[in-house]
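Naming: A, B, ... by sequence-line order, numbering from 1 per chain.
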Amino acid sequence: MTRRRGPRTLRGRATLALTGVAAVLTAVMALGVWLYATDYLLQTRQNVTLAQAAANGAQVQRGLATPGLSPAQLLAQLPRETGSVSLLADDGEWSTTSLRIGRDDLPRALRTEVLAGDPSRQRIVVDGRPYLAIGVPLAGLDDAYFEVFPLTELDSTYRVLSTILVLGVLTVVPVAAAIGWWVTRPALRPLDRISAAAAAIAAGNLTARIDPREDPTLVPIAESFNATAAALERRVRTDARFASDVSHELRSPLTTMLNAMALIEDHADDLPEDGREGLALLGAEVRRFERLVADLLEISRADAGSGDLVLERVRLAALVHEAMARRELDGRAGVPLRVASGADDVVVRADKRRLERVVGNLVENADNHGGGLTAVAVERSGDIARVIVDDRGTGVPEAERAAVFERFARGSGSARTASEGSGLGLALVTRHLQLMGGSVDVTDNPGGGARFVVRLPVDPEIRRPG
Amino acid sequence: MTRSVLIIEDDVRIRRIVAMTLRREGLEVTEAASGQEGLDQLEERPHDMVLLDLMLPDRDGFEVCREIRRRSDTPIIMITARTDSHDVVAGLEAGADDYVTKPFVAKELSARIRALARRSRGDQVRPRIQIEDLEIAPQDGVVTRDGAVVPLTRTEFKLLSELAAERGRVVSREELLERVWGYDYFGDSRLVDVHVRRLRKKIESDPSAPTVVTTVRGMGYRLPE
């Protein structure tokens, strides 16, 4: 696929197009003005100079008929505008009123033509200055009158004009670009709205819609967008409700199973060896099943929306501390909990029950799949509070890091046989944190195992200065 | 002394296994398959505790809960199918004292049943306390306002007397969950909050601006010195 050159945004392209059209139009206009104005000025100048030269030619003709006047005297008497030079060819003898411009400055073709009896004119350049040379044939053989008019003034007028025109074109380009950028903003605002709605849906807000009343031009696209979004929402909700219904239906039999299991376990001593082993296996599976149903229900509820989200101020370090205490009550050996200075009283805005699940699931994941929990830390940097959970496993390979947070993900390193999890633990962590404005990711810890890092925004109400 | 428990649950398998388990735990259990049957059983003889499923075929569980509450102050643990806020809170508002979510292990429930069923009235050696126009008499198990008895459930009374025993000091939700409900750790703090709300409706002169049971934000509840 070839890469498109130039700006990639619609707004950029629209602005560029507008600027291009404006530049071409102004350039064409400027060129037209230039051609017309220069032509007009030159024409006017030529008319004036032709009349002058003709009049002076006639006077020279008369003067030549008058004896006693030298050609130099004759030329000196002629009325001339400043800077113009008169030349006279009298029987092949040349006279001039200027030291700088003489016979040789006139082009041979012009001289020949005029001496042959045809009036003629030509633009010439002497010492780098522009002139208009006009030749008027006189009555005698090889007699002719030439007058050379300076065009310097006209030239500087041209220069001013061209400067103005070029500057005009150059000004129009950025102005057109700015106007284009400014004008396309409201024109493209509907697109902003659509992209905002699409982004909201992608971020999990399935109820995001475009209000077509805001802009009549939006109506067709808004309608189809909203229809698509509604279909998507229905679909997601149906799926979520199905998962939720299934887990609900499983709750009653599960209650019977769990209690019957507990009852039989009380009588385990009365069973033969293999009966006890079978019971132990059954017990483990029933509990795993319980866990699966609970997690499935929880994740389907999270999928259905954040309806029961209860955000309150939670002291993060205390919550993590309690989670660790609970873990020890379950018979696990204690691990160090490091609370960084300044993080001991950090308060986050979170759903306490969900945050407990987040920390609990990560700790459990470390114990069950990460070869054992080694350390937990609570830290804070700026507006972000972090909970760090380290384990002593083999870590999570770079390529699997995103996948471990997916539902029913089984990492290559996880001890499948020892697994008691539902396969939803880390997916729930992600989902819960999403609802609370937080995030989680996994890296390596210095000891070689995996390190899960939870990030949550610090509650702004009690943010301490600095 | 043997505590008697009435279990109202339409799912026969759950009812049977829970009853068996609780009997093994030393409780006396009566079974009822419907709301009406449960109410009839209660009419016949009082129980120390009711385990009530909210999803019943004949009558709405919340309604049964209110009906029981109208007739007696017997502690009620409701059995819910979900943990959604509105279900739990609605049940507590209807007069339930505690709740348990399916699937639950009945064996783990017995400690809570004992805590709630414990006769708090008359078995405490705590002094009488006067707060504003309220008089709390733990030994008699009654609260009076200007001489008239304020009708509190056992749990409400226990909550009030636990706070009264520590008057002037803030008592956290966790402490209250442990002392009143028998949770050794980690109960649902909504239990405390809804009960405090119920208590305030009965004892405060203006429940929206409480002066007896005051909230200390982020810490717990307190009775004035």
Side-chain angles (χ1 to χ4, degrees), chain A residues 244-245 247-267 283 286-287 289-294 297-298 300-301 304-310 312-315 318-319 321-323 325-330 345 347 351-354 356-357 360 459 461-462, chain B residues 7 9-26 29 51 53-57 79-90 100-110 172-174 177 183-194 215-219:
Chain A
S244 155
D245 287 348
S247 6
H248 260 306
E249 288 306 313
L250 291 174
R251 288 179 152 219
S252 290
L254 198 53
T255 307
T256 309
M257 283 162 77
L258 277 171
N259 286 287
M261 195 68 226
L263 202 64
I264 301 171
E265 276 169 346
D266 275 356
H267 294 288
V286 168
R287 277 174 196 104
F289 187 48
E290 175 195 11
R291 185 62 194 271
L292 177 63
V293 169
L297 188 68
E298 185 151 1
S300 62
R301 221 168 45 203
S306 51
D308 63 339
L309 188 72
V310 185
E312 56 185 324
R313 300 170 68 233
V314 178
R315 294 169 71 92
L319 183 138
H321 188 83
E322 276 175 48
R326 232 171 316 149
R327 177 177 170 276
E328 281 178 47
L329 275 173
D330 287 343
D345 58 352
V347 172
D351 184 310
K352 201 172 169 202
R353 188 186 64 80
R354 287 189 158 87
E356 276 159 8
R357 279 307 294 271
D459 184 12
E461 266 180 56
I462 53 100
Chain B
I7 172 167
E9 162 69 76
D10 62 308
D11 186 320
V12 59
R13 287 173 288 266
I14 294 180
R15 194 174 69 235
R16 293 292 305 142
I17 197 71
V18 170
M20 277 164 74
T21 308
L22 294 182
R23 280 187 194 118
R24 272 180 66 80
E25 294 290 316
V29 185
L51 263 176
D53 188 3
L54 282 182
M55 305 268 264
L56 290 171
I79 301 168
T80 72
R82 14 169 184 260
T83 49
D84 302 27
S85 278
H86 54 267
D87 243 30
V88 169
V89 172
V100 60
T101 310
K102 284 182 195 170
F104 62 95
V105 178
K107 216 172 152 183
E108 292 165 11
L109 206 60
S110 61
S172 72
R173 291 177 172 83
E174 287 73 21
L177 280 171
Y183 285 92
D184 44 1
Y185 61 96
F186 253 79
D188 183 345
S189 59
R190 286 178 299 182
L191 279 179
V192 184
D193 296 338
V194 176
T215 309
V216 181
R217 198 175 167 226
M219 293 179 71

Options A:A294, A:A260, A:P253, A:A262, ranked by heavy-atom pairs under 4.5 Å with chain B, top entry: A:A260

Residue, of A:H267, A:M257, A:E312, that accumulates the most heavy atom pairs under 4.5 Å with chain B: A:H267

A:N259 side-chain N/O to B:V18 backbone N/O, donor-acceptor pair under 3.5 Å: no

Within 6.0 Å of CZ in B:R173, more than 12 heavy atoms from elsewhere: yes

Winner by heavy-atom pair count (cut-off under 4.5 Å) against chain B, out of A:L254, A:V314, A:D266: A:D266

Salt-bridge present (B:K102, B:D53; N to O < 4.0 Å): yes

A:R353 and A:E298 ion-paired at < 4.0 Å: yes

Which atoms of B:R24 approach chain A - backbone, side chain, both or neither, heavy atom under 4.5 Å: side chain

